[in-house]
Every structure is written in structure tokens, then in C-alpha cells.
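Since the structure comes first, as C-alpha cells, the remarks are kept for the end.
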Amino acid sequence: MPASELVQRLCSHECSVTEVVQESLDSIHRLDPALGAFISVDSDGALSRAKQLDGHTGECGPLHGLPFAIKDVTDVKGLTTTFGSRLSAKGPAQSDALSVARLKAAGAVIVGKTNTPEYAFGAVCTNLIRGTTCNPWDTALTSAGSSGGSAVAVTSGMVSLAQGTDLGGSVRTPAAFTGCVGFRPTLGRIPEPQSLLGWERIATQGVLARSIADARLMATVMSGNDARDPLAFGDREHERESLPKRFHAAASLTLGGEYDVDGEVAQRFSRAIDKASEIMDVDEDHPQAGGASQAFCTLSYAQTWYEFRHLLEAHPELATEPFKWNVAQGEGVSLESYLSAQEERTRFYRELQQFFERYDLLMVPSASVMPFRNDSGEVATVGGRPTRRITDYLECTYLFSLAGFPSVSLPAPKMPDELPFGIQLIARPCHEDLLFSACALLESEAGFVHQWPPMCLD
């Protein structure tokens, strides 16, 4: 049942929170041995919280009684945050992350922590603690990284909603691979008061859901101002602007050859755009990315090295190869290179702002490759060409991370024998209302909807 509908039934006492949470735990017990979405499950804590909410007599919160999952790089009080790593601290978190505190205050029930590659670095959602998260459409295939556990937990129905994080595409790529909705907000909309690099960051928290209405419900709760975060601005006037009578979108497969895509991605994207063109005006056009890709790599690698180098210096033998590779890339980045990348980031941001003066939306693929095998490791080729870096397959998502623009990966219509494929919609910063409205139209009028994997219907 959609989260937005389920919460209404819970608030009207048509069903109890305990019943709903127990069904969630039963689904995890039935499905997770094959899927590996969870690093830890807090059955006792979830049921205790459910009973507490069932005894609540006041006004219901907007997420009252909904079973939630939190990616295991985000603190939940009383639960261990492993970061999918043997390098991390072993004790339980002493407090909730701000986003988790807001979810709980709205009535969410946290049932567990979801799987992630080590410190959220890796194309395959696997680590040396939990193992591999499998795609529910074919368990030999990857769920993608790094919010793969959250995406699988949602798309398979183990939870109503899940939190993720997204640096280069870690919410949007798993959503595309598993067939659910992945939302990355405007940078700063979900505050990060504990971020080491408050002014410099690229990553943000995001949402995994089965519908746009559900994603919007969760995102609204997590968003808002916080004085400790210099990028968090709270409610923004753009949200109250009137929506266009008919959306005008630009569509581009590769932003004019800025990155490669596999052949099946090109075919599925073309079909999706044809379908979208039935309900909105779509032109083939794209912004000029220029040196934005190199800028993302320079900034993200340098920041990764700064934040995580001490872990590898202490115990390199305990780390996975993707994590070690990502950290190593930032060593030796010069001040000139870093500041030049910041200049390019600014140029690309302004280029996108100018581009969106002509369009409401930009549509590109959510991933440059289709779901691949779990045992194939990092992505070494895209479109038949060898990649220069193991992060190159994320270029279609990380370019918009760099600029901080909000984006959604929406499941595109698919044939019964096809794997999921996601189309990415991008809007101007602080225009989430427009973005959600366009996605809702594609859901209701063009079939861009979540579908249940067969194994979840048995």
C-alpha cells in the first residue's frame, strides 16, 4: 500500500501500527535472506515503538506508524552505524542524526539499517560485514551502490520508505536498477549539521520510495532550516510559484557526447522520451557541461581523501579495494587544481541556471548502464569503451550533484521481460514542487510507475 494511503488508515485506526510493523518484519524475514538489504534489524525496538504509537491519543504525525529503513551510514540512536566497514566504531550511536530525529518525530518506525558498500563507495552494494545486496528482479544482478540496501528494501515491500545518501548518484542509480523512485533534493534542503565540510560538500541525503507522493511526504519531513548548516535555508519562496499549464522539457541522452551509455540504455531512453512527449513538450537540447566532470572528480576525490585518509593510514588491510581506490585519488590534489575545480563548478551552475530559463525540466538517463552482475565488480566499460575511472559510469548523475540541482529517478515503462530502467528529471534549485508535479503527471498519465518484482508477490 502506498505510504501516503497507509498513514491515513493508521491514523483512522483501520489498522494498528503493531500489525503494520509486524508485517514489515515478516517481509524482511521472508525476503532478506535472498536479497541482503539489511545490515541490522531492530525487531524489538520497532515493535516497542509501534505499541507506543498505538497508545497515542493526540494528533497523528505525517509519518505515523510507517515502517522505515535508514542507510547504515546515518546514525540512529541505540543502533550501531557500521558504514559497511570493519574500520568503523563498534558501539551504538549516542544520538539520532537530525534527519532521523525529524522522521521519528513525525511518527516513523525505524525497523533497521540498510546495506551499503564500505563508506558508501562502490558500484556493487557489498561489504565485508554483510555481504552483497541483490536485485529483486534477478538476484544475480546488483542493486547498485551505494544506497542499494535502501532501494531493495523499498522496491520489494519490506518497508514503506527508506533514507539514502547521494554523492555521485547513490540514491538515483539504485532506484533505476531496482525500479523505484529515488529523490536527491536541492543541496542544503535536508540539513547536515554534522558535516565536516559545511560549505564545500557535494553529497546530500535523499529518499527511496515507490511513488512520487510517498517521496514528497518523506522529503517534506526531512527538510527545513538548521542554523548549524550554512547551506540549509529552510522554506524557499520558489516553492510557492505557480506551475506551468504544460511542462516544457529538454531531453538529452549524453549531453552532447559528454559521457557514454550502453546500447540498451539508449533504446530505453528513446522509448521513455517518446512516452513523455505525449503529455509534455519535449525538445532535444542540453546544457554545455564543459569541464564539469573533471571538476566533480577533483573536488569529490580531494574531500574523500581529507575525510577518510586517517582510516586507511591506521588499518589499510581491513578496507575494501573500491574504498581504498576512492580515497587514494585525492592524495596530491593541488590547491590550484582544487580552486580551479571550484571555478568550473560555479561556471556549470550558472550555465544550468541559464539553460533552465528556457525549460522547466531536463531529462537524462538515471544510469549509463543497465543492471550488471554482482560478481563483475566495478564498471570497467560503458558503451563498449573502457572507462578511465571506476566512477565514470556515474557521470550522468554526478554532474547534477556537482551543481546541487534537485533530481528524481523515475521508473520508466517496461515490458514484462525487461529489467527496470530509470529516467532522471532535473529542475532548478528550490523547484522541488515543480519537479514532483511533473513526475506525478508521468506516473498517472504515462505509466512511469513502480512495478512489483515477481519474487515479492509469491
Just by distance, do the side chain of [X] and the backbone of [Y] share a donor-acceptor pair under 3.5 Å?
X	Y	answer
E443	I212	yes
D75	D96	no
T155	A151	no
Q424	C396	yes
S150	Q163	yes
R130	F38	yes
D226	P191	no
T165	V73	no
D262	E264	no
D32	L35	no

Can you find a side-chain donor-acceptor pair between [X] and [Y] that sits under 3.5 Å?
X	Y	answer
S293	E395	yes
T204	R184	no
Y301	T391	yes
Y338	E200	yes
T298	Q294	yes
R189	T220	no
K113	T82	no

Can you confirm whether [X] is buried at [atom1], in the sense that more than 12 heavy atoms of other residues, nucleotides or ligands lie under 6.0 Å from that atom?
X	atom1	value
H29	NE2	no
Y306	OH	no
K324	NZ	yes
R30	CZ	yes

For [X] against [Y], the heavy-atom pair lying closest together:
X	Y	value
D214	A209	CB-CB, 3.9 Å
P117	V124	CB-O, 3.6 Å
S252	V364	O-CG1, 3.3 Å
V76	K104	CG1-NZ, 3.9 Å
K275	P413	CG-CG, 4.3 Å
A175	G182	CB-N, 3.5 Å

Are any of the side-chain nitrogens in [X] or [Y] under 4.0 Å away from the carboxylate oxygens of its partner?
X	Y	value
R86	E118	no
D392	R388	yes
D260	R385	yes
R271	E418	yes
D229	R201	yes

Under the side-chain hydrogen bond (donor to acceptor under 3.5 Å, both in side chains) criterion, do Q288 and E258 qualify, and how do the steps go? CA-CA 9 Å; Q288 299 299 317; E258 183 66 23; over 6 Å; no
Check against side chain to side chain contact (heavy atoms under 4.5 Å, CB included), T81 and S88: CA-CA 8 Å; T81 305; S88 59; over 6 Å; no
Check step by step if side-chain hydrogen bond (donor to acceptor under 3.5 Å, both in side chains) holds for S95 and K77. CA-CA 4 Å; S95 60; K77 184 178 180 179; over 6 Å; no
Mind checking the [atom1]-[atom2] spacing from [X] to [Y]? Nearest 0.5 Å is all I need.
X	Y	atom1	atom2	value
C297	L402	SG	CG	9.5 Å
R228	S195	CZ	OG	12.0 Å
R373	L141	CZ	CG	7.0 Å
L243	D360	CG	CG	9.0 Å
D72	I39	CG	CD1	4.0 Å
L312	W305	CG	CH2	11.5 Å

Might you work through the side chain to side chain contact (heavy atoms under 4.5 Å, CB included) test for F183 and V171, ending with a clear yes or no? CA-CA 7 Å; F183 168 57; V171 163; 5.7 Å; no
Check: [X] ring centre within less than 6.0 Å of [Y] ring centre:
X	Y	value
Y393	Y259	no
F421	F177	no
F296	Y398	yes

Show your working on ring pair (Phe, Tyr, Trp, His ring centres under 6.0 Å) between Y359 and F247 and close with a plain yes or no. CA-CA 8 Å; Y359 298 102; F247 291 102; over 10 Å; no
How are the rings of Y349 and F405 set to each other: parallel, tilted or perpendicular (split at 30° and 60°)? perpendicular
What do the steps show when you test E432 against T186 for side-chain hydrogen bond (donor to acceptor under 3.5 Å, both in side chains), and what is the final call? CA-CA 8 Å; E432 272 88 346; T186 300; 2.8 Å; yes
Do you know which of T126, N115, T114 makes side-chain hydrogen bond (donor to acceptor under 3.5 Å, both in side chains) with T133? N115
Apply side chain to side chain contact (heavy atoms under 4.5 Å, CB included) to the pair T178 and V154, showing each step before the final yes or no. CA-CA 9 Å; T178 62; V154 166; over 6 Å; no
Could you walk me through whether C439 and L425 satisfy the side chain to side chain contact (heavy atoms under 4.5 Å, CB included) test, starting with their C-alpha distance in whole Å, then the side-chain angles of each, then the deciding distance to 0.1 Å, before giving a yes or no? CA-CA 8 Å; C439 289; L425 289 88; 4.2 Å; yes
Audit row: K71, S170, side-chain hydrogen bond (donor to acceptor under 3.5 Å, both in side chains) steps and yes/no: CA-CA 11 Å; K71 184 178 179 180; S170 291; 4.8 Å; no
Find out whether M280 and L442 are in side-chain contact, i.e. whether some heavy atom of one side chain is under 4.5 Å from a heavy atom of the other. yes
Minimum side-chain heavy-atom gap N135-V152 below 4.5 Å: no
For the side-chain contact (heavy atoms from CB on, under 4.5 Å) test, which of L103, V109, V21, L6 pairs with L66? L6
